[in-house]
Amino acid sequence: MIDLLLLFKGFGTVLSGYNGVALLLGSFFGIIIGAIPGLTATMGIALLVPFTFGMTPITGIVMLLGIYTGAIYGGGIASILIKTPGTPAAMATTYDGYPMAQKGLAGKAIGIATISSGVGGTFTAVCLAFFAPILANFALRFSAPEYFALAVFGLSVTITLSGRSPVKGFISGTLGLLVAMVGLDPMGGFQRFTFGRSELTGGLSFVPMLIGLFALSEGFRQVEIIFSAPKVNVVIRNILPRLSDLKSCLSAYIRACPIGLIVGITPAIGADTSAFVSYAETKRSSKHPEKFGTGVPEGVAAAQCGENASTGGDVLPMITLGIPGDAATAVLMGALTIHNLQPGPMLFKNQPEVVHEIFAGMILANITFVVLGLIFARFFAQVINLDRKYLTPVIFICCMVGSYAINNVFYDLVTCVVCGFIGYLMIRYDFPVAPMVLAQILGGMMESNFRRALVMSRGDPLIFLTRPITVTILVLATVTTIVAVRRQLQALRQAEAAAMAENVD
Amino acid sequence: MLQKSFNVLVCVLAVALLLPVSAKADFPERDITLVVPWSAGGGTDTLARTLVKNAKKYFGVNVNVVNRVGGTGVIGMNSVAKAKPDGYTVGVITFNLSTYRLLGQSDLSYRDFSLIALLNRSQACLSVQSKSEFKTLKEMVDYAKKNPGVVTVGHSGPAGAWHLAAAAIAQKHNLKFTFVPFDGAAPTRTALVGGHISVAATGMDEVLQFYQTKQVRILAANSPTRHPSFPDVPTMAEAGFPTENPIFDWRGLGAPKDTPPEIMKVLREGFKKAAEDPDYIALMDKLGLPRVYLDHQEFEGFLAGMEKSLEPTLEMVGLLKK
């Protein structure tokens, strides 16, 4: 369990001297990096690691934690304002954030996003501080069959993300699974669907694909209406959400916080999956799921809260076991190593004060971006008033720069443009894009762990039915699917009945 | 008027003609780019960034790291091989370069580079959970001989250095393991500590912490000599199972093939000094990554030997592309 005295000492250290300034600066840069499409939290940390060389370890780490949490939150700002997720994690925020902004509620949407990110982030940071050693041991009990079950569960929520047509959602998801197969076979090392191109051996680059599907496609769509769309002129006010607004978000928080924590602890998946699953779960359990996607505050709250709730979970196995929870924490781990703090079981034993300073830094970083976010939201929100004739080309430039910047490879631009066109066609013909992206994230995890589990059991499929954690997750996935399908069918029947009634009139 | 523009033209041409000459004379005049074919924050990236941290001292200019990621390293390494051979683009080259041709992934090999130096050569080790019934390598091998296919060996990815190192051991001593590929060293380690696999084949540095906390027991180091950070771990030969030409993971530096010799000289001398920088040495030791320094000729010999020992191993695991 936690040593409270050390934690309080940690708070003292983080707030004193340059550390507090570093945290503030890190958080500020993090928000900006996150808000710019194409610059991700992972890149933000990687870019700024060299600047921390000259600092004391804790100053540097506190700054990087500020960047990390700030960037994960900041991605939502772009999602709300221009429907282009600033970071992959902020995709789910576009669903309700953008419609809210279009209704003239950009300020309120950013306010709710800020508070929700803060709630989720602080929740997991506190969990991290209190339960790190216990939860780390839990992570050790997870192996291939459990990861496979988790991926299945993750995919089961795609039905809820499918919008009006489950069949189209299914097609989109299958497309995602197909794309996930491109590259080296994760078990055998054979090349699949690479068509002899060495650029494809590592699979399709995820970020360019994502920017294409979500952002560039939206750019194409906006070109259609570039001259006809009415000019928006919104007065930004009410950034600070009212208490009643937050009350309606409570049900979202109750779901998103634990989902984020669990998804975070699971290696290989992070904020993006967490945001999607939180959004889908909140929608599924809502009293008015049909309103999701039209600009409801709960939608923004679920996505943002889930997104930031994964940060503590991602950091946890990194600090305690040396297993990074996602790409961003992998870079963070590299930075710690450079500062002579090798994450892993030894760190807890040898330098408990540093570990508690990191915990304190994590909690304070989450509070810092909330304060900064609420102060600066007014300025960010001005973007919405820009003329589309200027905004749309800027979005195109951001897409191209962002796709190239991630790996510095020209081929990624091709990936982005091709995916942008596919995404545009999908939007045009009412196919939901989210299931495809989620399936692409989870497809690789599902396949490799399914096959790995069978190798471990020497071909005996009973391995999926004899392990308690695996069975529990698989049952949960089945129930979620059945409930979601029944709901969809009901909605369909109601819509048909309504249409019949109209025809009679 | 015409005369004037003609004069300008002559001047421009003269400067243009002179430029390459002067560039060779005072290389480097501007910052050098070091391409890292793996993503930011990983082991290779950390090594590269620390190596060039104080580059200004040794080159008079900065060396900037650019991560060019994709295609299991092919893209980044290929971009260096195909870059303008003026010395301003150099790259980190890694183990995968030894396998591309054998796996049929790309025609790229060390022959497409002017080699600068080998900086790191890591050995594999075989480790078990501390609770494991296998106390020594001999016990594990005896068990594996009696029960073919029962011992599960986790490694960090098909055709990676550790998979092939373990496969070479199995081939040499006629063992049948069930290989379980993971995505990187971290999950392999977790699976071992969690008791999901019987043996892990990893880089030795990658299990350093778990060895120090006594969560894992290392059965043997796959190299001719003991590792200084693991004084009580026997080598394969000491444990009773000598393996010639063990497969190592490696990281080095290369420049485009036709880089002029006088520029190569500056690069080789500069990076040799950078590899002796105390900050770099401290980090490498901290990470447990064995530092070596092989000059370009020794490096070439090492790489030629590596391809020779990889070919039969890849054939055995069924990945060799003829």
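These numbers come from a predicted model, not from an experiment. Reminder, nothing fancy here: chain letters follow the sequence lines and each chain counts from 1.
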Enquirer: Which bit of A/D412 comes within less than 4.5 Å of chain B, counting heavy atoms only: side chain, backbone, both or neither?
Expert: neither
Enquirer: Less than 4.5 Å to any heavy atom of chain B: does that hold for the side chain of A/F142, its backbone, both, or neither?
Expert: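 When you check distances to chain B, only backbone atoms of A/F142 fall under 4.5 Å.
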Enquirer: So how far is it from A/R452 CZ to B/F179 CZ, rounded to the nearest 0.5 Å?
Expert: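 Separation between the atoms: 15.0 Å.
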Enquirer: For chain B, which candidate among A/G183, A/S143, A/G444 shows the most heavy-atom pairs at distances under 4.5 Å?
Expert: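 Winner by heavy-atom pair count: A/S143.
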Enquirer: Please determine, among B/L103, B/T50, B/T152, B/L283, the option with the most heavy-atom pairs under 4.5 Å with chain A.
Expert: B/L283
Enquirer: Indicate the atoms forming the closest heavy-atom contact of B/V69 with A/V409, along with that distance.
Expert: O-CG2, 3.5 Å
Enquirer: Under a 4.5 Å cutoff for heavy-atom pairs, which residue among B/V74, B/T190, B/I197 has the most contacts with chain A?
Expert: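 Ranked by contacts with chain A, first place is B/T190.
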Enquirer: For B/V150 and A/R458, what are the C-alpha separation, side-chain angles and deciding distance, and is it a side-chain contact (heavy atoms from CB on, under 4.5 Å)?
Expert: CA-CA 8 Å; B/V150 174; A/R458 292 199 283 151; 3.7 Å; yes
Enquirer: Does atom CG of B/D107 have more than 12 heavy-atom neighbours, drawn from other residues, nucleotides or ligands, at distances under 6.0 Å?
Expert: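 No, not enclosed.
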Enquirer: With a 4.5 angstrom heavy-atom cut-off, which part of A/Q191 approaches chain B: side chain, backbone, both or neither?
Expert: side chain
Enquirer: So which part of A/L184 gets closer than 4.5 Å to some heavy atom of chain B, the side chain, the backbone, both or neither?
Expert: side chain
Enquirer: Which bit of B/L108 comes within less than 4.5 Å of chain A, counting heavy atoms only: side chain, backbone, both or neither?
Expert: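 Interface part for B/L108: neither.
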Enquirer: Picking from B/V66, B/V36, B/V35, what satisfies side-chain contact (heavy atoms from CB on, under 4.5 Å) with A/N408?
Expert: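 Only one of B/V66, B/V36, B/V35 forms a side-chain contact (heavy atoms from CB on, under 4.5 Å) with A/N408, namely B/V66.
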Enquirer: Would you mind listing every salt bridge (charged side-chain N to carboxylate O under 4.0 Å, His left out) that reaches into residues 176-190 of chain B, with sequence neighbours excluded?
Expert: none
Enquirer: Where on B/T178 is there a heavy atom nearer than 4.5 Å to chain A: the side chain, the backbone, both, or neither?
Expert: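 Just the side chain, heavy atoms under 4.5 Å.
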Enquirer: Flag the one option from A/N449, A/T194, A/V455 with the top tally of heavy-atom pairs under 4.5 Å to chain B.
Expert: A/V455
Enquirer: Taking everything shown except A/F29 itself, do over 12 heavy atoms lie less than 6.0 Å from its CZ?
Expert: no
Enquirer: If you count heavy-atom pairs under 4.5 Å with chain A, which of B/L319, B/V65, B/D279 comes out on top?
Expert: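 Answer, by heavy-atom pair count under 4.5 Å with chain A: B/L319.
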Enquirer: Which atom pair, heavy atoms only, marks the closest approach of B/P181 to A/P186?
Expert: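 That would be CB-O, 4.0 Å.
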Enquirer: Considering all heavy atoms of both residues, which atom of A/M456 and which atom of B/H196 are nearest to each other, and what is their separation?
Expert: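 Smallest interatomic distance, heavy atoms only, reads CE-O, 3.1 Å.
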Enquirer: Of the backbone (N, CA, C, O) and the side chain (C-beta and beyond), which part of B/K321 lies under 4.5 Å from a heavy atom of chain A, both, or neither?
Expert: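 When you check distances to chain A, no heavy atom of B/K321 falls under 4.5 Å.
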Enquirer: Quick test of your reading: applying salt bridge (charged side-chain N to carboxylate O under 4.0 Å, His left out), list the pairs with at least one residue in residues 440-450 of chain A, sequence neighbours left out, ordered by first then second residue.
Expert: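 Applying salt bridge (charged side-chain N to carboxylate O under 4.0 Å, His left out) to every pair that reaches into residues 440-450 of chain A, excluding sequence neighbours, yields A/R192-A/E447, A/E447-A/R451.
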Enquirer: Taking every non-hydrogen pair under 4.5 Å, which of B/S79, B/G73, B/G149 racks up the most with chain A?
Expert: B/G149
